[in-house]
Amino acid sequence: MNQNYDFKNIEARWQKEWIENKLFEVNEEQSKKKFYCLEMFPYPSGRIHMGHVRNYAIGDVISRYKRMQGLSVLHPMGWDAFGLPAENAAIKHGVHPAKWTYENIDYMKAQLINLGLSYDWRREVTTCSPEYYRWNQWIFLKLYEKGLAYRKASFVNWCPSCATVLANEQVIDGACWRCESQVEQKELEQWFLKITAYAEELLRDCDSLTGWPEKVLTMQRNWIGKSEGVEVDFPIDGMKEALRIYTTRPDTIFGVTFMCISPEHPIAERLCEDKEALRRIRQLQREPEVKEGVFTGKYAINPLNGERVPIWIANFVLMEYGTGAIMSVPAHDQRDFEFATRYGIPIKVVIKPERIELSEPLKEAYEEEGVMVNSGSFSGLPSSEGKKAVANYIEQKGMGKKTVNYRLRDWGISRQRYWGTPIPIIYCDKCGIVPVPEKDLPVILPDNVNLTGKGESPLKYVDDFFKTKCPRCGADARRETDTMDTFIDSSWYFVRYCSLHEEEALHREKIKYWMPVDQYIGGIEHAVLHLLYARFFTKVLRDLGIVPFDEPFERLLTQGMVCMESYRCPQHEWLFPKEVKEGKCIHCGSPITVGRVEKMSKSKKNIVDPDEMIEQYGTDTVRVFTLFAAPPEKDLEWSSQGVEGAHRFLKRVYALVYKHHEWLKNTSIGEAETRYLGRLCSLGMTEKSHSEARSAEESPILSLIHRTIKRVTLDIEKEYQFNTAIARLMEFVNEVYGYEPKTDEERIIFKFAIRNFLILLSPFAPNIADELWNAIGYHGFILNQPWPQYDEELAREQMIELVVQINGKVRSKIMISQGMSDEEIVKIALEDEKVKQWIIGKEILKVIPVKGKLVNIVVKG
RNA sequence: GCGAGAGUGGCGGAAAGGCAGACGCGCUGGACUUAGAAUCCAGUGGGGAGACCCGUGAGGGUUCAAAUCCCUCCUCUCGCACCA
């Protein structure tokens with residue numbers, strides 16, 4: 001055994017051993033309970049970053065822990081390999097997206113292996129391989145068969161910089177989520193998936209996801225955005241047709257003073273004489289600041305009171321939601337209020353608050369509930385009852401119907417991009433839209449393309465792809481040249497991991513064994529998009545008979561971001577941490593300004609490269625630091641001194657074992673004790689005398705290791721509190737660091753303690769753990785060991801501090817032995833000299849003992 | 001604006017309603033060393049000579065006892081934001 005902690009050799013050796021011995025390979029074992037631990041797979045951007053390291057370290061601890069608990073653990077990894085950056089690299093550097101992607105994968109895979117992560121690499125999934133994406137195409141065809149994939153022309157978000165269409169979710173504050181360019185509107189024929197068909201179920205099943213953070217469920221519920229209301233037809237004066245609106249506040253219908261329709265509403269052109277104004281309003285559609293409108297010159301009739309109200313076209317009315325037309329009640333809707341104020345439209349109060357009086361004219365809309373007034377026969381009803389009453393009346397009279405609306409829109413999946421899954425559709429002049437027959441899958445993405453990064457899909461110009469024959473009539477036909485949104489790839493990859501080979505992809509038995517994922521771990525940024533789509537696909541696959549579950553992810557852990565302060569030089573802009581020495585820029589010597597602690601990002605250069613850290617300290621140190629610095633779900637502040645602290649801890653562990661390793665190696669402890677050195681299986685059970693067995697029980701080291709096992713186990717079980725679990729391990733090391741066992745018995749106990757300590761350490765720092773495991777005379781891998789058991793009795797400390805409070809303030813602390821009754825501790829407390837001084841001459845009103853460890857004495861005077 | 005979460009030493013963070021500050025970083029002192037680094041040992045919330053007093057964003061409340069439960073307010077972070 002080397003005297004120094006040579007982490008480089010240790011880590012290289014054990015990582016090689018693990019792979020050579022197929023330690024991480026796992027197959028279905030029907031006799032064992034399974035556990036599926038999954039981390040969100042990365043986009044192969046080139047290098048692993050600290051966010052990945054944290055994500056995968058968390059998953060690795062859970063996987064290793066569960067495996068030692070005796071479960072059959074599936075822990076796979078793969079690559080979300082389609083996407084824009086590969087194409088951007090191709091355009092910029094002339095390298096083919098496939099080459100770029102596969103080279104990145106090779107590099108990053110080596111990095112992951114270097115982190116000591118326990119993946120079964122036989123199951124590796126790469127979404128850009130035909131073996132994978134053929135099933136994207138297969139699922140698409142099934143959706144098409146069921147009418148859940150359809151084509152329609154619509155206005156779409158167009159990013160002029162990326163030259164592609166964006167999903168609603170990819171638009172943030174009117175800008176592209178990737179490059180932040182201003183998004184424009186463009187009309188295109190698009191493929192959509194009918195996720196709205198599952199809106200109700202996706203919403204309802206949120207209630208069953210008890211292992212998910214409430215925050216994520218709230219975001220999903222809001223995203224689905226269910227609302228219940230009524231559609232009502234307002235006849236248009238002088239026209240045959242009626243204007244259909246949607247409202248959730250039928251109780252305010254008597255307060256309608258005008259109507260608004262979206263500028264994209266089909267009737268807008270016919271209603272509005274001023275075409276120039278209509279065009280202007282259309283331009284202002286995504287401007288949230290100003291409410292602009294134009295009066296059409298036409299009037300609608302309120303079906304409830306016969307009032308004639310003007311119809312306006314307004315920029316703030318969305319065509320995609322409800323019916324694209326609204327009834328406007330300025331007294332009780334803030335948006336209508338602003339619009340009415342701006343254009344001098346009357347405001348009519350029809351809801352009165354219960355207690356306060358509304359002072360008219362209103363300063364703002366009153367949107368709360370109240371009592372209906374000025375509402376004909378409905379006057380006097382509270383709003384909640386009024387909503388039902390008016391809705392029922394409208395239905396009875398055939399003026400409209402109760403309706404449920406969702407904010408959720410169908411999922412537009414067409415992308416005018418090369419590096420994605422081809423949509424398996426053929427267009428024939430005679431037969432129209434023809435799906436590619438299943439037997440012809442996969443539709444292979446051709447290699448020989450010319451990438452320009454401009455608007456249309458480059459596949460249009462690849463003749464042997466684009467030009468094809470109609471599978472139905474054999475005539476010349478054209479292929480669909482759009483590719484699929486890459487969110488498709490990540491919507492079902494967790495199912496693909498269940499089977500090893502392509503011929504058994506979507507293998508029902510294997511899926512049934514492994515699915516659902518027991519623990520999913522990833523960033524909060526996927527709270528809505530990826531996680532909602534994955535839930536949607538799971539329900540689709542269920543309806544296709546492939547998965548026997550409603551939900552893919554049993555428990556979800558959203559880990560916090562990895563953050564660091566940023567540095568800025570007045571001359572050299574943002575600086576990497578290593579470009580700063582003693583608060584000065586190493587290039588020009590100017591004093592730097594320190595920015596706030598925020599998410600590591602390339603643009604601010606507040607990043608630390610995992611490779612450099614591993615080179616300097618080793619992967620075990622990096623793992624221990626990231627797990628120790630903060631609980632998993634909270635943000636983690638990177639600290640180079642903190643990393644050194646973690647490294648120091650591992651050096652102490654190494655030094656501790658090194659100091660004793662010679663005799664530890666030569667000391668063997670019985671098989672029974674190896675499993676469980678506790679009261680029932682103490683030394684007394686072997687050939688030792690009863691008195692010696694008792695002394696073992698009272699050994700502080702034996703008690704310490706049982707206590708450590710207990711606390712580490714509970715910390716992991718209780719919401720994965722790895723930071724406190726590691727703190728327990730540090731306490732153990734601190735306590736035994738200077739300890740020297742003297743008797744044979746003490747040596748056996750010490751070996752038992754070290755042995756179990758190494759097992760407890762192994763999920764966090766697996767390399768050093770296996771190294772030391774072998775150094776003290778064991779063979780093989782800790783991962784194959786069972787997780788140690790603890791004994792409640794022994795885990796309890798023998799002596800505890802009795803805290804005595806007087807009127808709630810701590811006045812004395814007395815060492816007593818553990819397990820005393822409340823009567824006993826009260827007696828001890830009252831006899832304590834310090835306590836006596838405080839209560840002398842005072843009346844004792846009450847004495848409250850707490851669980852044998854605290855006494856509060858309440859006195860008067 | 002709406003919704004969610006969070007405010008604890010110099011810092012990261014601990015505390016089933018029961019000793020606030022575990023563990024780590026930093027700092028201070030000591031040991032080792034020619035010296036430094038590394039390592040080891042001890043100390044480290046604030047005030048006070050001391051007995052003690054004060055301390056978990058602010059202010060109230062419940063309780064024998066509150067960082068923890070309730071009310072009001074402040075600050076910060078995140079998400080949503082014309083969804084009728």
Side-chain angles (χ1 to χ4, degrees), chain A residues 172-173 213-219 221-223 225-227 229 245-249 252 260 285-291 314-318 320-329 332-336 338-339 364 367 405-409 524-525 527-528 560-561 563 596-598 624-625 628-631 633-646 648-649 651-652 655 711 714-715 718 721 723-731 733-734 737-738 801-813 837 845-851 853-859:
Chain A
I172 294 151
D173 290 333
E214 202 48 47
K215 183 189 169 105
V216 174
L217 293 175
T218 303
M219 286 166 74
R221 288 189 186 108
N222 290 344
W223 192 265
K226 180 180 182 174
S227 79
I245 60 94
Y246 172 73
T247 181
T248 55
R249 289 296 300 271
T252 65
C260 285
Q285 267 191 88
R286 310 270 155 180
E287 287 288 335
E289 264 85 76
V290 269
K291 288 188 175 39
N315 70 330
F316 68 93
V317 179
L318 305 171
E320 315 89 85
Y321 186 78
T323 59
I326 59 169
M327 64 177 209
S328 292
V329 186
H332 306 294
D333 183 292
Q334 187 57 26
R335 295 157 300 186
D336 297 345
E338 284 167 28
F339 194 86
E364 56 180 5
E367 295 185 322
N405 255 304
Y406 300 92
R407 216 185 73 114
L408 182 70
R409 310 280 146 77
I524 186 83
E525 65 272 21
V528 185
M561 297 181 299
C563 301
R596 66 185 188 113
V597 175
E598 58 192 320
V624 167
F625 171 73
F628 176 66
E633 70 283 1
K634 287 184 72 175
D635 285 353
L636 180 154
E637 188 183 333
W638 191 265
S639 147
S640 52
Q641 284 164 334
V643 179
E644 291 196 32
R648 204 170 298 150
F649 165 62
K651 277 205 294 205
R652 275 164 75 82
R711 298 176 91 173
L714 293 183
D715 281 344
K718 189 180 128 200
Q721 294 199 20
N723 55 330
T724 51
I726 292 170
R728 304 304 164 218
L729 297 173
M730 289 173 169
E731 279 178 90
V733 172
N734 291 343
Y737 206 63
E801 219 174 31
L802 173 65
V803 173
V804 187
Q805 297 180 332
I806 291 161
N807 289 345
K809 299 210 171 196
V810 180
R811 295 304 182 190
S812 183
K813 291 179 178 183
Q837 284 169 28
L845 297 177
K846 218 179 197 181
V847 180
I848 302 147
V850 182
K851 297 159 204 152
K853 62 174 184 183
L854 183 141
V855 175
N856 190 13
I857 303 165
V858 185
V859 298

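Lettering follows sequence order; numbering is per chain, from 1. Everything numeric here is computed off the predicted structure, so don't read it as measured data.
- Proximity note for Q721(A) (side chain, C-beta onward) versus rA84(B), rA15(B), rC82(B): the nearest is rA15(B).
- Among the heavy atoms of the strands lying under 4.0 Å from V317(A) is at least one base atom, whether or not backbone atoms are also near.
- Rounded to whole Å, the P atom of rG26(B) lies 30 Å from the corresponding atom of rA58(B).
- Taking atom P in both rC2(B) and rU72(B), one finds a spacing of 14 Å when rounded to whole Å.
- Across all strands shown, D336(A) has no heavy atoms under 4.0 Å from either base or sugar-phosphate atoms.
- Panel note: side chain N856(A), backbone I848(A); no donor-acceptor pair is recorded below 3.5 Å.
- Not counting sequence neighbours, R811(A) has no partner by the side-chain hydrogen bond (donor to acceptor under 3.5 Å, both in side chains) test.
- Taking only side-chain atoms of N315(A), from C-beta outward, the nucleotide of rA84(B), rC82(B), rC41(B) with the closest atom is rC82(B).
- Side-chain N/O atoms of R221(A) include none lying less than 4.0 angstrom from OP1 or OP2 on rA4(B).
- K634(A) pairs by the salt bridge (charged side-chain N to carboxylate O under 4.0 Å, His left out) definition with nothing, not counting sequence neighbours.
- Going from the P atom of rG21(B) to that of rG10(B) covers 15 Å, rounded to whole Å.
- Mapping I524(A) and A629(A) onto RNA chain B by nearest heavy atom places A629(A) at the nucleotide closer to the 5' end.
- In this structure, S328(A) reaches neither bases nor backbone, as no heavy-atom distance under 4.0 Å exists between it and the strands shown.
- The distance from atom CG of D715(A) to atom P of rG13(B) is 17 Å, rounded to the nearest whole Å.
- The separation between K634(A) atom NZ and rC78(B) atom C1' is 14 Å, rounded to whole Å.
- Look at the C1' atom in both rA66(B) and rC19(B): the space between them is 14 Å, to the nearest Å.
- Note: CG (L636(A)) to P (rG12(B)) measures 12 Å, nearest angstrom.
- OP1 or OP2 of rC64(B) lies within a sub-4.0 Å distance of a side-chain N or O belonging to K846(A).
- Atom-to-atom distance recorded for D333(A):CG and E367(A):CD is 5.5 Å, nearest 0.5 angstrom.
- R711(A) meets the side-chain hydrogen bond (donor to acceptor under 3.5 Å, both in side chains) test with no other residue; sequence neighbours excluded.
- Within the model, atoms CG of N222(A) and CG of L217(A) stand 11.0 Å from one another, a figure rounded to the nearest 0.5 Å.
- Put simply, R652(A) has a side-chain N or O that comes within less than 4.0 Å of OP1 or OP2 on rC41(B).
- Comparing rC76(B) with rA38(B), their C1' atoms are spaced 41 Å from each other, to the whole Å.
- If you find the closest nucleotide of RNA chain B to A630(A) and to T323(A), the one lying nearer the 5' end belongs to A630(A).
- Shown here are the salt bridge (charged side-chain N to carboxylate O under 4.0 Å, His left out) partners of R221(A), two or more places apart in sequence or in another chain: D207(A), E214(A).
- Only the C1' atoms considered, rU33(B) is 11 Å distant from rU39(B), to the nearest whole Å.
- Of the side-chain N and O atoms in T218(A), none sit less than 4.0 angstrom from OP1 or OP2 of rG79(B).
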Per-nucleotide protein contact string for nucleotides 17-29 of chain B, where B marks a base within reach and S marks sugar-phosphate only (heavy atoms under 4.0 Å, - for neither): -BB--BBSSS---
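- Across the C1' atoms, rG7(B) and rU56(B) are found 9 Å apart, a figure rounded to whole Å.
- For rG9(B), the glycosidic angle deviates from 0 by 90° or less, giving a syn base.
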Under 3.5 Å, which N/O atoms of the protein pair with N/O atoms of nucleotides 46-51 of chain B?
none

Could you summarise the pairing of RNA chain B as dot-bracket text, marking Watson-Crick and G-U pairs under 3.5 Å with ( ) or [ ] inside the strand and | across strands? (((((((..(((.....[....)))((((((.......))))))(((....)))..(((((..]....))))))))))))....
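- Qualifying ring pair (Phe, Tyr, Trp, His ring centres under 6.0 Å) partners for F316(A), counting only residues two or more places apart in sequence or in other chains: F339(A).
- Atoms OH (Y737(A)) and P (rU39(B)) sit 9 Å apart, rounded to a whole Å.
- Applying the side-chain contact (heavy atoms from CB on, under 4.5 Å) rule to S640(A) yields no partners; only residues at least two apart in sequence or on another chain are considered.
- To the nearest whole angstrom, the two P atoms, one in rA67(B) and one in rG18(B), are 10 Å apart.
- Considering all non-hydrogen atoms of both residues, F649(A) and V624(A) come closest at CD2-CG1, 4.4 Å.
- Atoms NZ (K215(A)) and P (rA6(B)) sit 10 Å apart, rounded to a whole Å.
- If you measure from atom CD of E633(A) to atom P of rA4(B), you get 19 Å, rounded to the nearest angstrom.
- Looking at the side chain of R407(A), the nearest of the listed nucleotides rC64(B), rA14(B), rA81(B) is rA81(B).
- Considering only the side chain of K651(A), rA38(B) comes nearest among rC78(B), rA14(B), rA38(B).
- With sequence neighbours left out, the side-chain contact (heavy atoms from CB on, under 4.5 Å) criterion links E801(A) to K813(A), M815(A).
- One atom, CG of N807(A), and another, C1' of rA65(B), lie 10 Å apart when rounded to the nearest Å.
- Computed from coordinates, the M561(A) CE to rG12(B) P distance equals 15 Å when rounded to whole Å.
- Evaluation of the side-chain contact (heavy atoms from CB on, under 4.5 Å) rule for S812(A) yields V804(A), I814(A), D832(A), K834(A), V835(A) as partners, not counting sequence neighbours.
- At a threshold of 4.5 Å between non-hydrogen side-chain atoms, the residues R652(A) and N734(A) count as touching.
- Remark: E338(A) engages K291(A), Q334(A) in a side-chain contact (heavy atoms from CB on, under 4.5 Å) (not counting sequence neighbours).
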